[in-house]
Amino acid sequence: MSELSERILQELIEKDSIDTLELAKIFEQDHQKIIGALKSIEAHGNLLIVEPQTRKYFELTPEGKLIVEKGSHEALIYKAIPENGMLQAEVNKLPNSKIGFSKALAAGWVQLDKSTGQSIVKRKTNSIEDNVQKNLILIADNKLSNISDKEKQDYKKRKLIQEVTIKSFLLKRGTEFSLTLPKLETDLTADMINSGNWKNLKFKDYNFEALGASPESGFLHPLLKVRAEFRQIFLEMGFTEMPTNNFVENSFWNFDALFQPQQHPARDAHDTFFISDPKNSTEFPSDYLERVKTVHSVGGYGSIGYRYNWKIEEAQKNLLRTHTTAVSARMLYKLANEKEFKPTKLFSIDRVFRNETLDATHLAEFHQVEGVIADYNLNLGNLIGVISEFFKKLNITQLEFKPAYNPYTEPSMEIFCFHPGLKKWIEIGNSGIFRPEMLLPMGLPENVNVIAWGLSLERPTMIKYGFNNIRDLVGPRVDLEMVQRNPLCRLDK
Ligand code: PHE
C-alpha cells in the first residue's frame, strides 16, 4: 500500500471530512498525486465516501500581482503628482497613465486645472486609500467575503484577476473504512474455489482504462520496402521468383556456365571474394561440365570458343556469388533438363558480393534485381519491350539503351533512364540476350532464346528515399530511427 493512501486514511480518523485540495496542502504534494492515491483506495472497496466538488476561485493575473506589489495604477499616478501639480502632458508620460489618470479622476483623487491656460493635474484630496491594492491582496489570500461582486467584475474586466475552476473531492469515512487497505487478489486459483475461500476474499477490479504497454514492433528497412515493390511488379507481369538462398556459389555456376572465360578479369580476387574453407566444390553435372569445358576451349554450336586450356580447378573454386545471374544459370540448366521445354519467366532479388573499393555509392555487397525470360524466338525487340514495360511500372518512361559487353550476352545493352528529379540520364541496369555458348550446352532447344536484365536494388532505393551516401542505408551507420520513421514505399505509378 502506498504511504500516501495510508496517510489519507489517517487524516480521517479525527476529521469527519476533508477535501483533497486541503490534503495536497497538508502533505505538500501535487493534487494529482492525492487523486492517484485516492483511486487506489477506492479500488479496495467502500473505505471512503467520495464527493466530487467544483470550486471557483480568483487568481491574480501578472498585472494584478504587480498592483499587489506596487499599488494600483491610479494610486501611483496620485502619488506622482507633487504639491503644486504637474502638467497633463507630463502625467501622460507616466506608466499606465491612461487608465491610472482616469480612475484617479473618477475616484476624486485628482483634478484638472485649466485656469492658467495650461492643463495641470492637481491633487484633490490629502490622502487616499488604495482599495484596489487592498482587495487584490485579499483575493490573493482567497479572502473574498469583503469584496463586492461589482468590484470583482470590475477587476475581471480590468484583467487584474481571472476566474479558475478547480475540481476536487470531499472525502468522508465509508462503510468499510479502515486504516489499512485489504490485500486484493489478482488471481482466482483452484485452491480458492475448492476451499470456498474465494467468498471471503477481495478481488482487484479490472482497469479498463489502463493504457497498456505499447507493443514492440518491427519496422521494414527501405531496401525491404523497395524490394517488395519490385517483387510485386514481377508478380504482376507473371514472373516466378527463383530460389536465391545461397550466397556461396562456385566459379562453375557463377562464371563458367555463363561462358565467362577463366582468365576474365572479373574472376580476379580483386573483384571476387573467394572462399577459403571449403575452398572447392566437387559436385557438378558431369556431362554438362564436359560441354562447358568444350565450348570454352574449342567451341561448338557454331562458335569457335575462347581457345584456351579450361581447367576444372578454376571452376571448382568457391566464392560469394558476384551476381544473381549465377542463380539464373542454375535455373536455366534445370529448365533445359525438363522433359519438355515450357516458356518461363523468372525473377530474383537478392544479395551479391564484390570486392570493390568502397565509396559513397559502393559497398562490397549489394542487391541485384534480375528478370529472365526463356521463350521461342525472342529477339532484341522483345527485350526492349519487356524492359520498357517493367520500368513503366516504376513510372520510368524515358529509356535509352547503349551497346555494352557481357561475356554471357550478345547483344548486350546498358539501360539508362532520365531522372526528372536529378535532371539527368543515369545508368540503371544492364541487359542482353544470353549467348548460344551458354544456353546450348545446357540443352535448351536451338530456337529458344533467353532475354534478361538486371539492376541494383540500392540505387532506386537511394533515389526514392533521398540518400546520397549508401552508408546511411546499409551498415553500422544506419540510423535506426530512420528505419522506423521512413514512409511506405510507393513507387509513383
Ligand atoms: N549480371 C549482370 C550484372 O551483374 C546483370 C545482367 C543480368 C546482365 C542479366 C545481363 C543479363 O551486372
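Since we're looking at a predicted model, the values are computed, not measured. Values below: every heavy atom of this structure, side chains too, minus hydrogens, waters and symmetry copies. In each ligand, atom 1 is the first atom listed, and ligand 1 is the first ligand listed.
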Does Lys345 form a side chain to side chain contact (heavy atoms under 4.5 Å, CB included) with Phe234? I'd like the steps, not just the answer. CA-CA 9 Å; Lys345 297 196 266 189; Phe234 275 119; over 6 Å; no
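In terms of modelled atom types and a separation under 3.5 Å, the side chain of His296 and the main chain of Asp256 share a donor-acceptor contact.
Between Tyr408 and His323, the distance from one ring center to the other falls under 6.0 angstrom. Aromatic pair Phe259/Phe434: ring centres not closer than 6.0 Å.
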List of N/O pairs, ligand 1 versus protein, all under 3.5 Å?
| unit_1 | atom_1 | unit_2 | atom_2 | d |
| --- | --- | --- | --- | --- |
| ligand 1 | 1 (N) | His323 | ND1 | 3.3 |
| ligand 1 | 1 (N) | Thr325 | OG1 | 2.7 |
| ligand 1 | 1 (N) | Tyr408 | OH | 2.9 |
| ligand 1 | 4 (O) | Arg354 | NH2 | 2.7 |
| ligand 1 | 4 (O) | Gln368 | NE2 | 2.8 |

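With hydrogens and angles left out, the side-chain atoms of Thr357 and His362 include no donor and acceptor closer than 3.5 Å.
Shown are Arg330, Arg321, Arg351; of these, the salt bridge (Lys or Arg N to Asp or Glu O under 4.0 Å) with Glu249 is made only by Arg330.
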